[in-house]
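Quick one: structure below, then a few questions.
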Amino acid sequence: MRYDLLVIGGGSGGVRAARIAANHGARVALVEQYRMGGTCVIRGCVPKKLMVYASRFAQEFEEAAGFGWTLGERRFDWAQLKARRDAEVARIEAIYRSNLLKAGVTLFDARAVLQDAHTVRLSDGSTLAADTILVATGGWPDAGPPVPGQELAIDSNGFFELAQQPRRVVVQGAGYIALELACVLRLLGSEVTVVLRAAQILRGFDEELRTHLAQELASVGIRFLAGHSITRIEHAGTASDADAFGALAVHMEHAGGTEVLEADCVLRALGRKPNTQGLGLEALGVVLDAAGAVVVDAHSRSSVPSVYAVGDVTNRVNLTPMAIREGHAFADSVFGKTPRVVDHTLVPSAVFTTPELGTVGLTEEQALQQYPQLDVYRTVFRPMKATLSGHTSKVFFKLLVDRVSDRVLGFHAVGPDTGEMAQLVGVTLQLGATKAAFDATLAVHPTAAEELVTLRTPAVRHNL
Ligand code: NDP
């Protein structure tokens, strides 16, 4: 049978596109080589957030004492958490599968390679033909430039397979993944050293936000080695007392010389690269960029008219909700007769460190490029809970306002639930909210978020 749509990849973008296209009446097949759900469900957002929840209990238990609680013996069982987490991932995976089947999508558990502009060959040797092919194969951890002994290290995929908790961990990289996993391990009791080549964490985020978060993470005991690169990893020769792990020697270089650290686990999170290798795309004439991403137009169409691509494989905004939106817009446009393009600006996002980071809109550095008369409202405060818990963490909020139009251009925050806040502040920015609208909004008391509607005086008034 010839399909109307053939989707390669059962992650967030591919699954959404397949279901919506099928709802529009298209005959749809989806091919997935591994497990349904993609990075987000299987080895990303979902299992990560469950680990974040687990890790935060450690802090809550500490804080409880300030509120009159006496807690008994505490013991954390990594293997038990892993088993429960894996079961939850399997449950969601099954839902993805059944939702696709309910929508009438035909599933193939196989690897697909493009044979021509309308045909794919599956790993069992069979072929499938379709009018339109959607590549939604996502991304994969980038190993970075080769380093001797890199096979002794793990990446984020390997993190989710760890059967035991490593006691001493070196994390290389200081992006979303490195920091989230570093926090999980640290709060659960591991010694964590983050090795970053740059001077500061989270390149591309608002500068003050980066500084504040780095201080917060240092205060929970994460050690940062800025300006350091790993040059070699080898077995240390001495047995680690964490018996599942052989001790590793991590050799590093920095401007001042070299250094060696001993660790039970080296976790490298150096970014992710689009999953386009061996798919037959180049042979077909599908243009890829220097990073290997499928180059697409605003409608997610590649240089070959019958081939589209959505999600991380296009390396636009590599976030689950964006892949879902791109997949949905593609299906509506091609099969639902309601063409629409996805707006890739104004992207709310969170980094689930502890404390977490929430952000939406322009950074101060970006805003100044377009809005020379920029007011920066900022507050750094001790949250109410800390008065009794004794926790030293401080909340950071920043609002950027264009003085000419009074429009709020950016929100950047570090503190509990700031990911949730970024979602709602994102709605206000989408509506073009002004600072006056924030001021006119009554506070919800006592909350941390009320500080956002009581910011009176700019901390900085740029006048470039
Ligand atoms: P990021 O791009 O966020 O970070 C990569 C890190 O690796 C940076 O610190 C970078 O340093 C460093 N790096 C890159 N190459 C090298 C190298 N050769 N040597 C040393 N360091 C290097 O990638 P992640 O892997 O953390 O995450 C990938 C994407 O996944 C994110 O961009 C995000 O879109 C998504 N994601 C989103 C999450 C969320 O929404 N909460 C959670 C997890 C992932 P430098 O700063 O110097 O460039």
Side-chain angles (χ1 to χ4, degrees), residues 11-13 38-53 138-147 150 153-160 170-184 193-205 207 209-210 213-214 217 222 224-233 250-254 266-275 291 293 311-326 344 347-360 413-414 417-420 422-423 426:
S12 303
T39 300
C40 173
V41 173
I42 306 297
R43 40 178 131 67
C45 322
V46 171
K48 179 272 309 286
K49 190 84 188 273
L50 295 174
M51 299 297 280
V52 169
Y53 284 129
W140 197 252
D142 191 344
V147 171
Q150 66 185 29
I154 59 168
D155 56 24
S156 55
N157 296 346
F159 171 83
F160 292 111
V170 168
V171 177
Q172 189 183 20
Y176 282 81
I177 296 178
L179 296 181
E180 290 181 342
L181 301 186
C183 274
V184 164
T193 304
V194 172
V195 175
L196 61 156
R197 64 179 176 185
Q200 188 54 285
I201 62 171
L202 288 179
R203 184 190 297 279
F205 284 71
E207 287 296 335
L209 191 75
R210 298 168 76 189
L213 184 66
L217 299 186
I222 295 177
F224 288 98
L225 295 180
H228 280 56
S229 295
I230 293 179
T231 52
R232 183 159 49 101
I233 306 167
V250 185
H251 295 257
M252 293 172 294
E253 66 181 13
H254 50 90
V266 180
L267 168 58
R268 303 177 85 209
L270 307 181
R272 295 173 59 83
K273 57 172 188 244
N275 243 336
D312 287 7
V313 77
T314 62
N315 201 19
R316 286 177 280 183
V317 174
N318 298 332
L319 297 171
T320 296
M322 194 57 91
I324 291 173
R325 185 157 289 192
E326 289 166 3
H344 287 86
V347 177
S349 84
V351 183
F352 292 102
T353 45
T354 303
E356 73 190 37
L357 174 160
T359 178
V360 57
V414 174
D417 305 317
T418 51
E420 308 285 341
Q423 183 68 85

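Start at 1 and go down the list; that is how both ligands and their atoms are numbered.
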- prompt: Relative to ligand 1, is Ala350 under 4.0 angstrom through side chain, backbone, both or neither, heavy atoms considered?
  reply: backbone

message: Is the terminal nitrogen or CZ of Lys48 (NZ for Lys, CZ for Arg) located under 6.0 angstrom from the six-membered ring centre of Phe352 and within 45° of that ring's axis?
response: no

task: Say whether Phe352, considering both its backbone and side-chain N or O atoms, lies within less than 3.5 Å of an N or O atom on ligand 1.
output: no

message: Regarding atom 40 (O) of ligand 1: of the candidates Leu319, Leu196, Asp312, which has the closest heavy atom?
response: Leu319

statement: atom 1 (P) of ligand 1: of Ala174, Gly175, Gly144, the nearest heavy atom sits on Gly175

Any donor-acceptor pair under 3.5 Å from Arg210 side chain to Ile201 backbone: yes

message: The criterion is salt bridge (charged side-chain N to carboxylate O under 4.0 Å, His left out); which residues satisfy it with Arg43, sequence neighbours excluded?
response: none

- prompt: Where is the nearest protein heavy atom to atom 34 (O) of ligand 1: which residue, which atom, and how far?
  reply: Asn318 O, 2.8 Å

- prompt: Which residue supplies the protein heavy atom nearest to atom 17 (C) of ligand 1, what is that atom called, and how far is it?
  reply: Arg197 NH1, 3.4 Å

query: In the protein, which heavy atom is nearest to atom 46 (O) of ligand 1, and how far is it?
result: Arg203 NE, 3.1 Å

message: Checking His344 against Glu326: is there a side-chain donor and acceptor pair closer than 3.5 Å?
response: yes

task: Closest by any non-hydrogen atom to atom 7 (O) of ligand 1: pick that one out of Asp142, Leu270, Thr39.
output: Leu270

field: Closest candidate by heavy atom, reference atom 26 (O) of ligand 1, pool Leu202, Val195, Val52, Ile177
entry: Ile177

Main-chain N/O of Val147 paired to Gln150 side chain as donor or acceptor, under 3.5 Å: yes

field: Contact check: Gly271 vs ligand 1, nitrogen or oxygen atoms, below 3.5 angstrom
entry: yes

task: State the CG-CG distance between Leu319 and Asp312, to the nearest 0.5 angstrom.
output: 8.0 Å

- prompt: Just by distance, with hydrogens left out, do Ser156 and Arg268 show a side-chain donor and acceptor under 3.5 Å apart?
  reply: no

- prompt: Can you tell me if Gln200 has a non-hydrogen atom under 4.0 Å from ligand 1?
  reply: no

message: Which residue and atom name correspond to the protein heavy atom nearest atom 6 (C) of ligand 1, and how close is it?
response: Ala269 O, 3.6 Å

message: Please confirm whether Pro145 approaches ligand 1 to less than 4.0 Å, judged on its heavy atoms.
response: yes

statement: Distance col, row Thr353:OG1 vs Glu180:CD, nearest 0.5 angstrom, shows 7.0 Å

- prompt: How far is atom 31 (C) of ligand 1 from its nearest protein heavy atom, and which residue and atom is that?
  reply: Tyr176 CD1, 3.5 Å

message: If I apply the N/O under 3.5 Å rule, does Ser349 come out as touching ligand 1?
response: no

task: Specify whether Phe205 and Tyr176 have parallel, tilted or perpendicular ring planes, treating 30° as the upper limit for parallel and 60° as the lower limit for perpendicular.
output: perpendicular

